[in-house]
Structure formats: structure tokens, C-alpha cells
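A short worksheet on the structure shown next.
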Amino acid sequence: MDEFGAKYECLFFDMDDTLYPLSIGINLASEFMLNQLGIEESEVPKMCLDLYKEYGTTMAGLKVMGYEFDNDEFHEYVHGRLPYEKLKPDPILRNLLLSMPHRKIIFTNADKAHATRTLNRLGLEDCFEGIICFETLNPSTDATTQILCKPSVQAFEAAIRIAGIVDPRKTMFFDDSVRNIASAKAAGLKTVFVGNSVLVPGADYALSSIHNIKEAIPDLWEDNKDEKKVEPIVQQVAVATMVQA
């Protein structure tokens, strides 16, 4: 047996733009910056994107810059008004996930409410052992505390501890962010870049879509003995909403 198969004990999955494809771009973080923080309108678009790229979330970047606001209020403003009705169940992905004989955990920078609502809309809520999210990595209610999130290597190390992973080399991480992939690799994880079939720095595999996982990494199914979990597949396409929060 090669280094995959039974040697893999856990799979970490990012959520937004990884479990469902990008098709609708909505950036309510920009509205928050404009309406709640009073940032000059002409500066908001570039500033929002730059912070998102540099710190992993716009929210984390704003905190570093010294802006003070309630974390829950930010999440409610940015995620609470998203068009979740556009997300549809994805039975193909559900079938793939349930057929994989590994622990599966969501690892997202988003808040728990958004993660739970999204997984419910996709019909994947029972496919994962748990969710490592904003509240998991940032239990403090102090709004001035620096935020811990991807792509920080410390965030990955914290997720590894929280998940009780002894050997990171036995965990595979799926994400659409180039920087997150690089940090995951630095933390010792095996990595899969999702959204493009071209390898990026630090990626062990690259998938144009999460639905291609079985074709790209068939060894993950070699040790599967529980065929009863596989459900009938009904072809449907999930409509995605990009979240930059």
C-alpha cells in the first residue's frame, strides 16, 4: 500500500469556494466597511481585497489596522444577509464524502452560523465529524484581541491540536486558496488545491472541482469497507456564493 489509503486518518475541508464553486460574487464586507466603519467609499474596494488577501479575512485585517467592532455583529452583517436560497443540495458530493473512510472535518475562517447554514443548504450537514471555525480558533470575546485564522500557520497548528491529530502527515487538506495551501504544507499536512487542475506551490494535488476527487486521488477509497453509506446520486448543481469575510 502506498502513502495514501489506510495511512490517512483525517481530511480537512475548507468550505466556501471549495465544497461549492464560485458563481456569484457578493462582498458584504465592503458594505460593512462603508456603512458601519465609515471608511471612504473610494478606498473600500481595494482595501477590502488587499486585507482579504493579506490576512485571510477582511475582518482580521481590519482588526490589525486598529478598527474596533463586535465580531458577532460583523458576521451577522456579512453572512446573515447572504442569499442562501441559491445554494442547492449536492447529492453527488454527499455520496463522495459518505463513501470516504476517513474522519472529515470542516476547517473554515467563517463563523459557525454561516458554516452550519451552508452545509445544511448543500445537504452535507451530517457528512462531517465537526467544524473548526472562527469561534473555535477565537474563543475570546474581547473585540481587541488579534484574530487567528488561515493562512496563519499558527491557525493550522491550532486546528491540528483541536482535531486531536497526532501525525499531520496523515491528514489531507482541501482549499481553494494558494496561501492556505502553502501554510498547510508548512504545518505538515498533505494538500489539495481546489478550483484549478494546475499545481500551486505547496500542493500535492490539484483539482478543477471537488467532484473530481475520486478520479484524482482514487487511493483514498482503497481502504473503504463500508459500502452501505453510499447513497443514490441525483444530478444537481450547487449554486455558489463567494464570501469574503
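When a residue number appears, it is its place in the shown sequence, counting from 1.
- Residues Y67 and I39 meet the side-chain proximity criterion, which asks for heavy atoms closer than 4.5 Å.
- A donor-acceptor contact closer than 3.5 angstrom is absent between the side chains of Y84 and N120.
- Nearest heavy-atom pair across S99 and L96 is OG-O, 2.8 Å.
- Going from atom CD of Q154 over to atom OG of S183 covers 9.0 Å, rounded to the nearest 0.5 Å.
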Between H79 and L28, is a side chain to side chain contact (heavy atoms under 4.5 Å, CB included) present by the stated rule, with each step listed? CA-CA 8 Å; H79 292 151; L28 295 175; over 6 Å; no

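- Under the 4.5 Å side-chain heavy-atom criterion for ILVMFWY residues, a single connected hydrophobic cluster contains both Y205 and L19.
- Checked by atom type, the side-chain pair T18/D175 shows no donor-acceptor distance below 3.5 Å.
- Remark: Y8 OH to R169 CZ distance equals 10.5 Å, nearest 0.5 Å.
- For the residue pair A159 and L137, the shortest heavy atom distance occurs at N-CD2, 4.3 Å.
- No chain of hydrophobic side-chain contacts below 4.5 Å, direct or via other Ile, Leu, Val, Met, Phe, Trp or Tyr residues, connects L148 to I106.
- At most 12 non-hydrogen atoms from other residues, nucleotides or ligands lie less than 6.0 angstrom from NZ of K53.
- Contact annotation: the side chain of F193 never approaches that of L207 to less than 4.5 Å [non-hydrogen atoms, C-beta and beyond].
- At distances below 3.5 Å, not a single donor-acceptor pair connects side-chain atoms of R94 with backbone N or O atoms of L124.
- By the 4.5 Å heavy-atom criterion applied to side chains, L82 and T118 are not counted as neighbours.
- Minimum heavy-atom separation, P168 to A187: CB-O, 3.8 Å.
- K46 places no side-chain N or O within donor-acceptor distance of the main-chain N or O of V44, the cut-off being under 3.5 Å.
- By the 4.5 Å heavy-atom criterion applied to side chains, I213 and M100 are counted as neighbours.
- For the pair K150/S177, no side-chain contact is recorded, criterion being any heavy-atom separation below 4.5 Å from C-beta on.
- F128 has its side chain within reach of L97: a pair of non-hydrogen atoms, C-beta onward, lies under 4.5 Å apart.
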Between I217 and M172, is a side chain to side chain contact (heavy atoms under 4.5 Å, CB included) present by the stated rule, with each step listed? CA-CA 11 Å; I217 320 175; M172 184 172 279; 3.9 Å; yes

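- With salt bridges taken as basic N to acidic carboxylate O contacts below 4.0 Å, none links E135 and K112.
- Of the possible donor and acceptor atoms, one in the side chain of T191 sits under 3.5 Å from a partner among the backbone N and O of D204.
- Relative ring orientation between F32 and F69 is described as perpendicular, the plane-to-plane angle rising above 60° on a 0-90° scale split at 30° and 60°.
- Taking the six-membered ring for Trp and the full ring otherwise, H114 and F134 have centroids separated by 6.0 Å or more.
- With a 4.5 Å cut-off on side-chain heavy atoms, F12 and I132 count as touching.
- For the pair F173 and N180, the minimum side-chain heavy-atom distance is below 4.5 Å.
- W221 and L93 fall within the same hydrophobic cluster, where Ile, Leu, Val, Met, Phe, Trp and Tyr residues are linked whenever their side-chain heavy atoms come under 4.5 Å apart, directly or through other members.
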Apply salt bridge (charged side-chain N to carboxylate O under 4.0 Å, His left out) to E9 and K170, showing your working. CA-CA 6 Å; E9 299 174 353; K170 293 184 178 182; 3.6 Å; yes

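- Interatomic distance, L189 CG to K185 NZ, rounded to the nearest 0.5 Å: 9.0 Å.
- Considering CZ of F174 and CG of L11, their distance stands at 5.5 Å, rounded to 0.5 Å.
- The shortest non-hydrogen separation linking C149 to N109 is CB-OD1, 3.1 Å.
- To the nearest 0.5 Å, the span separating NZ on K63 from CZ on F74 amounts to 9.5 Å.
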As a quick check of understanding, evaluate side chain to side chain contact (heavy atoms under 4.5 Å, CB included) for D111 and E76, giving each step before the final call. CA-CA 9 Å; D111 60 299; E76 178 60 30; over 6 Å; no

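- In this structure, F107 and F156 have perpendicular ring planes: the angle between them is above 60°, well past the 30° mark.
- I131 and I165 end up in different hydrophobic clusters when Ile, Leu, Val, Met, Phe, Trp and Tyr side chains are linked at under 4.5 Å.
- Residues Y20 and L119 share a single hydrophobic cluster, defined by chaining ILVMFWY side chains whose heavy atoms lie under 4.5 Å apart.
- Distance alone, capped at 3.5 Å, places no donor-acceptor pair between the R179 side chain and the S152 backbone.
- A pairwise comparison of heavy atoms in T136 and P139 identifies O-CD, 3.9 Å as the closest pair.
- Of the inter-residue distances, the one linking Q36 atom CD with D70 atom CG reads 11.5 Å to the nearest 0.5 angstrom.
- Formation of a donor-acceptor pair under 3.5 Å by the K104 side chain with backbone atoms of P101 is not found in this model.
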One pair to check against side chain to side chain contact (heavy atoms under 4.5 Å, CB included): D90 and H211. What are the steps and the verdict? CA-CA 10 Å; D90 188 345; H211 295 90; 2.7 Å; yes

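- Residue S30 comes nearest to C48 through the heavy atom pair OG-SG, 3.5 Å, listed as atom of the first residue, atom of the second, then distance.
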